[in-house]
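These numbers come from the heavy atoms of this one structure, side chains and all, not from hydrogens, waters or symmetry mates. In this chain, residues are counted from 1 in sequence order.
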Amino acid sequence: MRKTLILFLWLVVCIPMEAQTSHRDSVLTKARYLKSIYRTDDAIESLASLLQPGVMDEAVLAELADCHFQNAAYEDASGTYFVLSSLNPGSILYKIRMMQSYYRLKAYPQSIQAGQAVLQQDSIPAVVSFVGDAFRQMDQADSALWYYRRALAMKPMNEAVVAKAVNILITKGDYDGAVAITEPLLAEDPDNTTIAPLKGLALYRKGDYEPAIDVFQRQEDIGNDSYSIHYYLGQSYWHTHVIYRAEKELEAAWQIDSSDVNLAYSIAGVKMDYHSEPYRPFQTEIKPWLDKAMKMVQPDPALMSRIHQQYGLGYQRMQDSWDKAIEHLKEAYRYNPANITHLLNIAYCYEKKKDNKQALQWYERYLKLARPGSQGYDFASKSIEYLKGEVFMEEQ
């Protein structure tokens with residue numbers, strides 16, 4: 001009788017439990033397969049059938065969280081990984097996935113917190129960098145840089161992290177720091193086409209144009225034909241007065257990208273540079289580039305003033321287009337009245353076209369604002385003295 005009762009209980013209790021376990025495993029296997037072929041919605045539906053109120057099945061929840069993550073449903077994924085982390089606090093994987101999910105939700109403080117929880121268990125370079133990225137997204141550059149430096153101390157050849165750190169340092173104006181952080185990687189890979197140009201940019205921004213030329217020229221020599229290489233190489237040559245090379249590189253940059261108004265303006269400036277020998281004809285070689293810049297320019301007063309100034313000086317150099325020169329110089333002054341040199345140039349143009357009364361008025365306007373003893377002040381004073389005599393003679 002006793003054996004019969006035991007057998008009955010086994011049939012009533014044990015067999016259903018085995019059947020239930022078999023069903024769970026079957027659904028898990030099916031869900032994993034569906035997930036593997038990117039039918040994540042179907043996998044989620046299958047896994048949901050295994051969820052029971054008050055029952056926390058870690059394996060089922062882990063598959064469900066992974067499906068949400070793969071499906072880019074990061075809010076659901078982060079919530080499920082949070083539950084999993086509570087169930088299994090020692091799991092680094094759950095914390096990493098939670099960190100990634102929060103990051104993609106742009107919930108950066110929560111992403112940082114999850115990442116820091118990982119780092120309390122294991123110093124993983126990728127996680128250190130990830131926390132730095134979250135700080136960078138929050139515009140906390142110093143904190144981001146701290147984590148990037150920590151990541152590089154563990155993995156100095158990480159090109160992506162070096163690039164992020166250098167960009168922060170350049171933005172902060174710490175050009176020496178930017179150059180220094182590139183050195184370990186460049187010592188092993190001197191022609192790296194990501195990091196070497198960033199070093200060149202830091203040197204350029206610092207004003208070390210000769211070393212910048214060395215970096216950018218080497219990149220060009222090894223076949224780096226990018227816009228930034230030609231642009232900054234051209235600008236560096238311009239600063240060192242190697243005008244023909246500056247013009248060549250800036251025009252090469254224009255062939256790659258003709259959407260930058262500053263580039264069009266720079267090409268006009270190079271062609272008009274006083275170091276250029278011989279002087280370029282304004283009408284045919286300089287004015288077309290200023291015209292391009294004028295068509296592209298946004299209403300930025302400082303840039304508009306510089307463009308009109310170049311027009312004005314160009315027409316002034318032609319010696320026979322004084323009215324056009326005056327028109328543009330007045331516009332340059334209108335956009336930037338702080339630059340009183342425009343007044344002096346306007347007065348000079350009026351003087352050259354023999355409009356002595358107008359010239360006198362503009363020289364006097366300049367003199368009221370100019371610094372006594374300066375070269376411009378002395379020039380204007382002498383011109384006024386001369387023109388007063390001319391005007392007197394005209395009125396006799």
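Between R136 and D133, at least one side-chain N (NZ, or NE/NH1/NH2) sits under 4.0 Å from a carboxylate O, which counts as a salt bridge. With respect to K206 and D208, a salt bridge is recorded, a charged nitrogen being found less than 4.0 Å from a carboxylate O. The existence of a salt bridge linking E327 and K324 is excluded, since no basic side-chain nitrogen approaches an acidic carboxylate oxygen closer than 4.0 Å. Using a cut-off of 4.0 Å between Lys/Arg side-chain N and Asp/Glu carboxylate O, E394 and K354 are scored as not salt-bridged. In summary, D42 and K30 do not engage in a salt bridge, as defined by a charged side-chain N under 4.0 Å from a carboxylate O. A salt bridge is absent between E45 and R39; no separation between the charged side-chain nitrogens and carboxylate oxygens falls under 4.0 Å. A salt bridge links K287 with D291: the closest approach of a Lys/Arg side-chain nitrogen to an acidic carboxylate oxygen falls below 4.0 angstrom.
Aromatic ring pairs are classed by plane angle as parallel below 30°, tilted from 30° to 60° and perpendicular above 60°; the pair F69 and Y81 is perpendicular. Using cut-offs of 30° and 60° on the angle between ring planes, the pair H328 and Y315 is parallel. The aromatic rings of W362 and Y333 sit perpendicular, their planes meeting at an angle over 60°, well past the 30° parallel limit.
Under 3.5 Å, the side chains of Q116 and Y147 contain a donor-acceptor pair of N or O atoms. For the 3.5 Å distance criterion, the side chains of T40 and Q70 fail to qualify, holding no donor opposite an acceptor. Between H230 and D225, the side chains place a donor N or O and an acceptor N or O closer than 3.5 Å (distance only, hydrogens not considered). With no hydrogens or angles considered, a side-chain donor-acceptor pair links Y363 and E351 at under 3.5 Å. A donor-acceptor pair shorter than 3.5 Å cannot be found between the side chains of Y335 and D300. Residues T240 and E210 have side chains that never bring a donor and an acceptor to within less than 3.5 angstrom of each other. In the model, Q361 has no side-chain atom that pairs as donor or acceptor with a side-chain atom of E364 under 3.5 Å.
Y108 is connected to V128 through a chain of hydrophobic side-chain contacts under 4.5 Å among Ile, Leu, Val, Met, Phe, Trp and Tyr, so both are in one cluster.
Remark: R365 CZ to K368 NZ distance equals 9.0 Å, nearest 0.5 Å. For the atom pair H308 NE2 and L303 CG, the distance stands at 10.0 Å (nearest 0.5 Å). Rounding to the nearest 0.5 Å gives a distance of 5.5 Å between CG of L47 and SG of C67. How far CD1 of I340 is from OG of S374: 7.0 Å, rounded to the nearest 0.5 Å. In this structure, the separation between CG on L186 and CG on L198 is 9.5 Å, given to the nearest 0.5 Å.
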Practice prompt. Could you go through the side chain to side chain contact (heavy atoms under 4.5 Å, CB included) check for R280 and M272 one step at a time?
Written response: CA-CA 7 Å; R280 306 297 185 82; M272 195 166 172; over 6 Å; no
Item to complete: Determine, step by step, whether E331 and R334 satisfy the salt bridge (charged side-chain N to carboxylate O under 4.0 Å, His left out) criterion, reporting the C-alpha distance in whole Å, the side-chain angles of both residues, the deciding distance to 0.1 Å, and the verdict.
Response: CA-CA 5 Å; E331 282 295 288; R334 183 174 69 85; 2.7 Å; yes
Discussion item. Let's go through R97 and D66 carefully: what are the C-alpha distance in whole Å and the side-chain angles of both, what is the deciding distance for salt bridge (charged side-chain N to carboxylate O under 4.0 Å, His left out) to 0.1 Å, and is it a yes or a no?
Written reply: CA-CA 9 Å; R97 286 299 184 120; D66 200 36; 3.3 Å; yes
Worksheet entry | side chain to side chain contact (heavy atoms under 4.5 Å, CB included) between L329 and Q316, intermediate numbers included | CA-CA 10 Å; L329 290 169; Q316 181 177 314; 3.9 Å; yes
Item to complete: Quick one: do D57 and L50 satisfy side chain to side chain contact (heavy atoms under 4.5 Å, CB included)? Show the steps, please.
Response: CA-CA 9 Å; D57 188 324; L50 297 177; over 6 Å; no
Practice prompt. Would you sort out whether F282 and Y311 count as a side chain to side chain contact (heavy atoms under 4.5 Å, CB included), showing the intermediate values?
Written response: CA-CA 9 Å; F282 175 76; Y311 270 111; 4.1 Å; yes
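With hydrogens and angles disregarded, no donor-acceptor distance shorter than 3.5 Å links the side chain of S305 to the backbone of A302. The closest donor-acceptor contact from the side chain of D273 to the backbone of G269 lies at 3.5 Å or more, if one exists at all. The closest donor-acceptor contact from the side chain of S129 to the backbone of P125 lies at 3.5 Å or more, if one exists at all. Distance alone, capped at 3.5 Å, is enough to place a donor-acceptor pair between the S266 side chain and the N262 backbone. Proximity of a side-chain donor or acceptor of S383 to a complementary backbone N or O of F379 within less than 3.5 Å is detected. In this structure a side-chain-to-backbone donor-acceptor pair under 3.5 Å is missing from S111 to A107.
Dense packing is recorded around CD of Q137, with more than 12 heavy atoms of other residues, nucleotides or ligands lying under 6.0 Å away. Shown here is K330, whose NZ atom has more than 12 heavy atoms of other residues, nucleotides or ligands within 6.0 Å. Within a 6.0 Å radius of CZ in F82, no more than 12 heavy atoms belonging to other residues, nucleotides or ligands are found. Around the CD atom of Q319, the shell of radius 6.0 Å holds more than 12 heavy atoms that belong to other residues, nucleotides or ligands. More than 12 heavy atoms of other residues, nucleotides or ligands sit less than 6.0 Å from atom CD of Q121. Other residues, nucleotides and ligands contribute at most 12 non-hydrogen atoms within 6.0 Å of the OH atom of Y386. A 6.0 Å sphere centred on CD of Q113 holds no more than 12 heavy atoms belonging to other residues, nucleotides or ligands.
For the pair R306 and Y265, the distance from NZ or CZ to the six-membered ring centre is under 6.0 Å and the angle to the ring normal is within 45 degrees.
Taking 4.5 Å as the limit, every side-chain heavy atom of R104 sits out of range of all side-chain heavy atoms of E75. When side chains are defined from C-beta on, L201 counts as touching Y232, because their heavy atoms get closer than 4.5 Å. For the pair I256/S226, no side-chain contact is recorded, criterion being any heavy-atom separation below 4.5 Å from C-beta on. Contact check for I181 versus R149: side-chain heavy atoms found under the 4.5 Å cut-off.
The ring pair (Phe, Tyr, Trp, His ring centres under 6.0 Å) test with F130 singles out one residue from Y102, Y103, Y148, and that residue is Y103.
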